[in-house]
Amino acid sequence: MLCLFRRDSSEDEDEYVLLAHDDSSGRPRQRPRKRQAPRCLRRQHTQIALTAMSLFTMAVCSWLWLFFHGRIGIPSPILHALAKESRLPPLYSRFHEYERHLPQHSLSHSPENQEVRYIWMANYMRANGWGNVMEELLLNSFLAYRAGRSFVFTNFTWNEGVSDYSLYNLKPIPSRIPLTALIRGPTVGGEFPAGDNAPLAVMKDFWDQVCPGPKVIRDDDILSSFGDQVPTAETKIGKWLEVLNRTDDRCVEIPRESWVIFDIWIMQDAKRLLDVWPSFSQSPILTTFAWSALVELAFDTNREVFSPSMVLDPFLSSVPVTVPSAERYSPIPGLLAVHIRRGDFVRHCKRLTGWGASFVGFNSFPSMLDQLNLPPDTIAESRAEFYRLRCYPEIDEIVAKVEEVRRTEAGKGLENVYIMTNAPTEWIFDLKASLRRAGQWSNIASSRDLILNQEQEYVKQAVDMLIGQRAQVFVGNGFSTMTGQVTMLRMANRFPPETSRLW
Ligand SMILES: Nc1nc2c(ncn2[C@@H]2O[C@H](COP(=O)(O)OP(=O)(O)OP(=O)(O)O)[C@@H](O)[C@H]2O)c(=O)[nH]1
Ligand SMILES: *[C@@H]1O[C@H](CO)[C@@H](O)[C@H](O)[C@H]1NC(C)=O
Ligand SMILES: *[C@@H]1O[C@H](CO)[C@@H](O)[C@H](O)[C@H]1NC(C)=O
């Protein structure tokens, strides 16, 4: 349209001539002259056209980016088509209902209820994988616990303010999943151990009812009070406790736009994260942490798939939820779980060299055997290879590490392999074949072999984490927070550090 307009509006001949190189002579060659608009007008038109075009391109590109990264809800025509074919994911409404009916949500005006104080961290992480989200969630809930405030929990949120479904890798996923579909325990409203009078966590909808006009505190102010000092997880908690202790308000909100309390700089740096470990690991947040009944049921029903013939081991589903985490999630003898991160890690792993990245905090316990010690004088090329080997190991390298681990004391008696991965099935097939060629294994299974129901399908990363958490030996990816959470749970439950390895 703009082009037509431009041609039609022109009358004038002009001295502006487009020049191009003549291939044969190398000299500038004149293009045939065109009838064009007066110069000033033409410039304006060109500018408008260019601006419009770039705006349009930007809009289309952003939309496509958002679309392919699953940040936009599914447009309704596609929704209808998917619904017709019954290809929409479940919405976990029974978990939402369960949360609504937690006893602490009955607004009985009992005197104790009136005294409960709350903290709602509206700046919680969205649009991230479960590994990152879970890490922040548990630390936030730990801070609330230390402050003696009821933790306000909400959904595992991929997208909000859009339809119930989003697209991820061109497949529909639920935009939000109630946290109780993933975990149980005090973080999501479960009881604290007997004798601990900490107030029970409540859901966001309840907070909305009881806490209109809360006191707002931003992490930015806590952060600035550190001055030049580099804050750690524990020192940040300390400052927050000071501030909260001076706050009489029943309701405290950390607003959405606030800086994050446990930010990526803390999460990625063991020196800044792990000073919280002595108290965090002993707190009910971890000692009574449990996976949801849905996740545990997937573990139970797939037991013969990943670790055949554990005949005497009781099903998790039959163990009361009051049984402490360490006892509930005891080691599975003979099982080796390996986490092989693919997908977006193709790109992510290449960026690590440039960043000079270290293993994430929960993969850098000093007692672990595989530390990231890049010799300081490493040349650029070997540096890239150093990172690739640990972040994106190929099949022969994986097999070599597995065989090495098997020869260690901790690896005695390993006979089944479980491959936790988001890799394509064909690749897993090749990996399985190579593992079999290199060693005698009774059984090799992967994430793709699990048999899952509709609800389990969208929380299956948690099922994998539970398997990894209980394996006799676990080998993970030091740069993955998902591995980090598995390592964290193993360490909390006192698995020997030499049983948690990294590529
Ligand atoms: N089932 C399963 N899914 C995986 C596995 N590894 C990665 N994924 C999926 O890929 C997602 C990665 O999402 P990200 O947003 O990158 O982050 P994350 O879960 O925090 O973990 P990392 O990226 O590893 O730090 C996970 O949440 C899983 O959904 C795996 O071993 N098993
Ligand atoms: C959580 O998700 C459920 C189901 O999608 C929704 O009804 C509810 O409003 C969400 N809660 C919040 C606080 O966004
Ligand atoms: C602050 O700490 C003191 C001493 O530990 C305690 O007695 C007091 O109740 C606390 N105040 C609040 C508001 O938490």
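Numbering of ligands and ligand atoms starts at 1, following listing order. Numbers here simply count residues along the sequence, with the first being 1. Side chains are part of it too, since the values below use all heavy atoms of this structure and drop only hydrogens, waters and symmetry mates.
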Does a donor on one side chain sit under 3.5 Å from an acceptor on the other, for [X] and [Y]?
| X | Y | result |
| --- | --- | --- |
| Ser317 | Glu296 | no |
| Asp164 | Ser175 | no |
| Thr483 | Arg341 | no |
| Tyr418 | Asp464 | yes |

Among protein heavy atoms, which sits nearest to [atom], and what does the distance come to when rounded to 0.1 Å?
| atom | value |
| --- | --- |
| atom 25 (O) of ligand 1 | Thr481 OG1, 2.5 Å |
| atom 20 (O) of ligand 1 | Asn132 ND2, 2.5 Å |
| atom 5 (O) of ligand 2 | Arg176 NE, 3.7 Å |
| atom 27 (O) of ligand 1 | Trp130 N, 3.3 Å |
| atom 1 (N) of ligand 1 | Asp464 OD2, 3.1 Å |
| atom 9 (C) of ligand 1 | Asn422 ND2, 4.1 Å |
| atom 15 (O) of ligand 1 | Gly129 N, 2.7 Å |

**Report entry** Location of contacts on His96 toward ligand 2, heavy atoms closer than 4.0 Å
**Finding:**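 Looking at His96 and ligand 2, just side chain atoms fall under 4.0 Å.
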Report task. Could you say whether the N/O atoms of Gly131 and ligand 1 ever approach to under 3.5 Å? Result ->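 Yes, at least one N or O pair falls under 3.5 Å.
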Query raised in the report: With the threshold set at 4.0 Å, does a side-chain nitrogen-carboxylate oxygen contact exist between Glu234 and Arg146?
Result: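 The answer is yes: the pair qualifies as a salt bridge.
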Requested in this report: Output yes when a protein non-hydrogen atom is found under 4.0 Å of atom 9 (O) of ligand 2, and no otherwise.
Outcome: no
**Report entry** Heavy-atom protein contact below 4.0 Å for atom 1 (C) of ligand 2
**Finding:**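 So far as the 4.0 Å threshold goes, atom 1 (C) of ligand 2 is in reach of a protein heavy atom.
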Query raised in the report: Does at least one non-hydrogen atom of Leu91 fall below 4.0 angstrom from an atom of ligand 2?
Result: no
Which residue from [options] reaches closest to [atom] through any of its heavy atoms?
| atom | options | value |
| --- | --- | --- |
| atom 6 (N) of ligand 1 | Gln461, His339, Met134 | His339 |
| atom 12 (C) of ligand 2 | Asn155, Leu179, Asp164 | Asn155 |
| atom 23 (O) of ligand 1 | Arg341, Met465, Glu136 | Arg341 |

Query - Trp207 and Tyr118 aromatic ring geometry - parallel, tilted or perpendicular at 30°/60° bounds - result: perpendicular
Report task. Describe, in one word, how the ring planes of Phe289 and Trp291 are oriented to each other, choosing from parallel (under 30°), tilted (30 to 60°) and perpendicular (over 60°). Result ->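 Judged by the thresholds at 30° and 60°, the geometry between Phe289 and Trp291 is perpendicular.
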Backbone N/O of [Y] and side chain of [X]: donor-acceptor pair under 3.5 Å:
| X | Y | value |
| --- | --- | --- |
| Arg406 | Lys401 | no |
| His101 | Glu97 | yes |
| Arg388 | Cys349 | no |

Query raised in the report: Which bit of Thr421 gets closer than 4.0 Å to ligand 1, counting heavy atoms only: side chain, backbone, both or neither?
Result: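 Contact part for Thr421 vs ligand 1: backbone (N, CA, C, O).
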Report task. Indicate, as side chain, backbone, both or neither, the part of Asp344 found under 4.0 angstrom from ligand 1 when only non-hydrogen atoms are considered. Result -> side chain
Report task. For Thr154, counting its heavy atoms only, list the atoms of ligand 2 lying under 4.0 Å from any of them. Result -> 12 (C), 13 (C)
Report summary line: ligand 2 atoms nearer than 4.0 angstrom to some heavy atom of Lys204 are 13 (C)
Report summary line: Nearest heavy-atom contact between Gln469 and Val486 is N-CG1, 3.6 Å
Report summary line: So the atoms of ligand 1 within less than 4.0 Å of a heavy atom of Phe345 turn out to be 23 (O), 24 (O)
Report task. Mind running side-chain contact (heavy atoms from CB on, under 4.5 Å) on Ile444 and Asn416 for me, showing each step along the way? Result -> CA-CA 6 Å; Ile444 306 179; Asn416 302 312; over 6 Å; no
